[in-house]
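See below for the structure under consideration.
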There are 2 protein chains.
Amino acid sequence: MPTPHYGQPRYRAIADELRERIENGAIPRGALLPPESVLAAEFRASRGTVRQALAVLRQEQVVATEHGRGTIAKPYQIEQASESETRHRYVAADTELATLLAVEVGSLLVERQRVSQENGAIVAVVRTYLTASSSSVNADER
Amino acid sequence: MPTPHYGQPRYRAIADELRERIENGAIPRGALLPPESVLAAEFRASRGTVRQALAVLRQEQVVATEHGRGTIAKPYQIEQASESETRHRYVAADTELATLLAVEVGSLLVERQRVSQENGAIVAVVRTYLTASSSSVNADER
DNA sequence: AGAAATTTGTCCGTATGTATC
DNA sequence: AGATACATACGGACAAATTTC
């Protein structure tokens, strides 16, 4: 199948699906994801496309990859101390964020939002903005 | 030619070379780099490998790529933004923040903004929202 | 200890989609 | 409309690190 990518690219859809599986526990934190070859088969995508999806998740700090070993769903997002819920979404850079991150206004950013709770009450909302356009350093991409 | 890459991978060597050309002015800041196809020819590499090299430079904020246009050597590397690494301001709670923090829409929140840098380049912006009444520092991350 | 199997990393070549000039 | 250039996707091959037997 040569290459249609209407709307959302395949690798982003795959990244979304894998992120979801991690967040809802289908892939437990700390566990190895299936190998790239298996994911490629499951999603009917090439290994390269799967690797692009994993690169997205690496940049979002959702997973980590080790050569010869596999890709791991990161156990604790940062501090397990207070239960935190994390959510990702894509946002356009406003002028301030664009200036700080040295990107064009309107370019795509990843917003990671987590809430920190104490005794069930949310006491803080933390939003982290990362550039979404570039894949990670050791990422394969084409 | 299938793939010899002793020592440093090809794409990193290409990234190093391009970075060097930008830093020593061979490629002026603000100018377009040669198209990927030309770079691929010059370095005797596939376009995919060149794109990997450019991805490295993008993450380093040395260049920016615009779809259909080209890849640009970034004019200003940083721009003194690091002055105010941390900044506080008051903002009104929008519906989402109000819901999460269990306050009324429009009530005053403290927004603390921090930037995290790597090699002088800002790689992430972290904003923490607290209710204006509680000012104690809490969980966050890079 | 060593060999084989597994899995990620790098690189190539090609084809097609999409945005800009 | 056409040319140019970046983005996405495929498939194959070999290298390197880790695990397993």
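Per chain, numbering begins at 1; letters A, B, ... match sequence-line order. Here the structure is a predicted model, which is why all the values come from computation and not from measurement. Reckoned from all heavy atoms, side chains included, excluding hydrogens, waters and symmetry mates.
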d(CZ, A/R44; P, D/dT8) in whole Å:
22 Å
Can you check whether any acceptor in the base of D/dA7 is under 3.5 Å from a donor in the side chain of B/H67, or vice versa?
no
Tell whether B/R47 reaches the base of D/dA7 with its side chain through a donor-acceptor pair below 3.5 angstrom.
yes
For the side chain of B/R10, counting heavy atoms from C-beta on, which of D/dC6, C/dC11, D/dA9 is nearest?
C/dC11
Position toward the 5' end of DNA chain D (nearest nucleotide), A/A45 or B/L54:
B/L54
In the structure I gave you, are the side-chain heavy atoms of B/E36 and B/R51 within less than 4.5 Å of one another anywhere?
yes
Return no unless some side-chain N or O of A/T49 is found under 4.0 Å from OP1 or OP2 of D/dC10.
yes
Which of C/dC12, C/dT10, D/dA5 is nearest the side chain of B/P35? It is D/dA5
How many Å lie between CZ on A/R51 and C1' on D/dG12, as a whole number?
15 Å
Could you go through the side chain to side chain contact (heavy atoms under 4.5 Å, CB included) check for A/L32 and A/T71 one step at a time?
CA-CA 6 Å; A/L32 280 174; A/T71 297; 5.9 Å; no
For A/L32 and D/dT19, give me the distance from atom CG to atom C1', rounded to whole Å.
11 Å
Check this for me, if you would: do A/R58 and A/E66 make a salt bridge, where the nitrogen-to-carboxylate-oxygen distance has to be below 4.0 angstrom?
no
How long is the line joining CZ of A/R69 and C1' of D/dT20, in whole Å?
13 Å
Value in whole Å for how far the P atom of D/dA15 lies from CD of B/Q8:
19 Å
Just how far, in rounded Å, is P of D/dC6 from CD of B/E66?
11 Å
A/E17 bridged to A/R10 by N-O distance under 4.0 Å
no
Please report the distance, rounded to the nearest Å, between CG in A/L108 and P in D/dA7.
13 Å
Does any non-hydrogen side-chain atom of A/T128 lie less than 4.5 Å from one of A/E111?
no
Without decimals, in angstroms, what is the distance between A/E36 CD and C/dG9 C1'?
8 Å
